[in-house]
Amino acid sequence: MTQLPVEQRIGQHLKRAEQEMISAKHTALRRFNLTVPQYTVLFALAEEPGLSGAVLARRCLVTPQTMSSVLATLNRRELIERKPHPIHTHILETRLTRSGRALLKQADKAAIAVEQHLSDAFTREEAEQLIEFLGRCAESAAKARVEASTYSD
């Protein structure tokens, strides 16, 4: 027995909700032959064309190794193109191709449907409050990470 029961651990509830949402998105994106990380990259590039692999990894919350694999797959499928930065030629800028934009447009409808299903479980006020609470959770977890790193050094 641990000191804090599982039903009182906010992190467990966050993880379960996240896993269910990711699973729902995975199911919705399967018909487009996209994984959630691949969709997330396409979405990020639609918002900010020209990002490098390192920046994409940070934006998409995956390791650089995972991002490298995702980008290789998207490149093979001709959904993205990668070209050297005009000044810093060792940095590859990544952009959506026309087919990447077209696929994202379709896949995004499926992802939005999952998000809408989630939103429909709440009133507008509750959804706004939940977003605020989740922001506080993220900030608190970031502070805890910093504090924990000082103990481990």
Side-chain angles (χ1 to χ4, degrees), residues 10-122 124 127-150 152-153:
I10 293 174
Q12 287 292 113
H13 294 282
L14 285 171
K15 185 65 175 173
R16 179 172 174 244
E18 176 196 32
Q19 293 289 56
E20 290 294 343
M21 187 189 64
I22 296 298
S23 179
K25 281 188 177 181
H26 173 75
T27 300
L29 295 170
R30 187 180 303 143
R31 66 185 148 153
F32 304 103
N33 195 26
L34 285 174
T35 65
V36 173
Q38 290 168 351
Y39 163 78
T40 304
V41 168
L42 296 177
F43 183 81
L45 290 172
E47 294 290 311
E48 290 184 78
L51 296 177
S52 69
V55 173
L56 278 166
R58 288 190 294 276
R59 292 271 199 306
C60 298
L61 306 173
V62 298
T63 65
Q65 295 84 356
T66 297
M67 184 53 61
S68 180
S69 174
V70 169
L71 291 174
T73 300
L74 294 174
N75 198 41
R76 265 193 314 277
R77 291 182 61 193
E78 299 181 350
L79 299 174
I80 62 168
E81 60 184 8
R82 304 190 77 202
K83 294 184 179 176
H85 185 279
I87 298 170
H88 307 288
T89 55
H90 63 285
I91 296 175
L92 293 177
E93 294 183 326
T94 310
R95 299 185 189 284
L96 295 176
T97 61
R98 180 174 292 164
S99 56
R101 281 189 297 280
L103 182 62
L104 175 61
K105 186 176 180 179
Q106 294 175 346
D108 197 41
K109 289 177 186 175
I112 288 171
V114 171
E115 295 280 347
Q116 189 60 53
H117 200 277
L118 180 62
S119 294
D120 289 346
F122 302 96
R124 188 173 54 82
E128 289 171 1
Q129 193 172 34
L130 177 60
I131 291 168
E132 178 189 336
F133 290 162
L134 290 171
R136 286 173 31 196
C137 285
E139 289 172 17
S140 179
K143 287 178 185 174
R145 177 179 40 82
V146 170
E147 287 177 17
S149 71
T150 61
S152 64
D153 291 342

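Because the structure is a prediction, the values reported are computed rather than measured.
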Check salt bridge (Lys or Arg N to Asp or Glu O under 4.0 Å) between [X] and all other residues, then give those that pass, not counting sequence neighbours.
{"X": "K15", "answer": "E18"}
{"X": "R77", "answer": "none"}
{"X": "E132", "answer": "R136"}
{"X": "R124", "answer": "E128"}

A quick test of your reading: do over 12 heavy atoms of other residues, nucleotides or ligands sit less than 6.0 Å from CD1 of I10?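 No, because the 6.0 Å sphere around CD1 of I10 holds 12 heavy atoms or fewer from other groups.
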Kindly write out the residues that satisfy side-chain contact (heavy atoms from CB on, under 4.5 Å) with A72, not counting sequence neighbours, or none if the list is empty.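 Once residues adjacent in sequence are excluded, the partners of A72 under the side-chain contact (heavy atoms from CB on, under 4.5 Å) criterion are R76.
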What pairs meet the salt bridge (charged side-chain N to carboxylate O under 4.0 Å, His left out) rule with one or both residues in residues 23-37, with sequence neighbours excluded?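 Qualifying pairs, neighbours excluded: K25-E115.
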Salt bridge (charged side-chain N to carboxylate O under 4.0 Å, His left out) contacts in which one or both residues fall within residues 59-70, not counting sequence neighbours: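 Of all non-adjacent pairs touching residues 59-70, those that pass salt bridge (charged side-chain N to carboxylate O under 4.0 Å, His left out) are E48-R59.
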Those residues that, when tested against [X], pass side chain to side chain donor-acceptor pair (under 3.5 Å) (two or more places apart):
{"X": "E81", "value": "none"}
{"X": "Q19", "value": "none"}
{"X": "R82", "value": "T94"}
{"X": "S99", "value": "T97"}

Could you check whether any side-chain N or O of S68 sits under 3.5 Å from a backbone N or O of P64, counting only pairs where one atom can act as donor and the other as acceptor?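 Pair absent, no side-chain N/O of S68 close to backbone of P64.
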Between S69 and Q65, is there a donor-acceptor pair closer than 3.5 Å when you use the side chain of the first and the backbone of the second?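 Not confirmed, S69 side chain does not pair with Q65 backbone.
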To check you understand the geometry: which heavy-atom pair defines the closest contact between F32 and A110, and what is its length?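 Here F32 and A110 meet closest at CE1-CB, 3.7 Å.
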Are a donor atom and an acceptor atom from the side chains of T66 and T63 found within less than 3.5 Å of each other?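 Yes.
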With salt bridge (charged side-chain N to carboxylate O under 4.0 Å, His left out) as the criterion, how do E147 and R145 come out once you've worked through the C-alpha distance, each side chain's angles and the decisive distance to 0.1 Å? CA-CA 5 Å; E147 287 177 17; R145 177 179 40 82; over 6 Å; no
Show me the donor-acceptor pairs within less than 3.5 Å that the side chains of residues 34-47 make with the rest of the protein, sequence neighbours left out.
| unit_1 | atom_1 | unit_2 | atom_2 | d |
| --- | --- | --- | --- | --- |
| T35 | OG1 | Q38 | N | 3.2 |
| Q38 | OE1 | T35 | N | 3.0 |
| Y39 | OH | D108 | OD1 | 2.4 |
| T40 | OG1 | V36 | O | 2.8 |

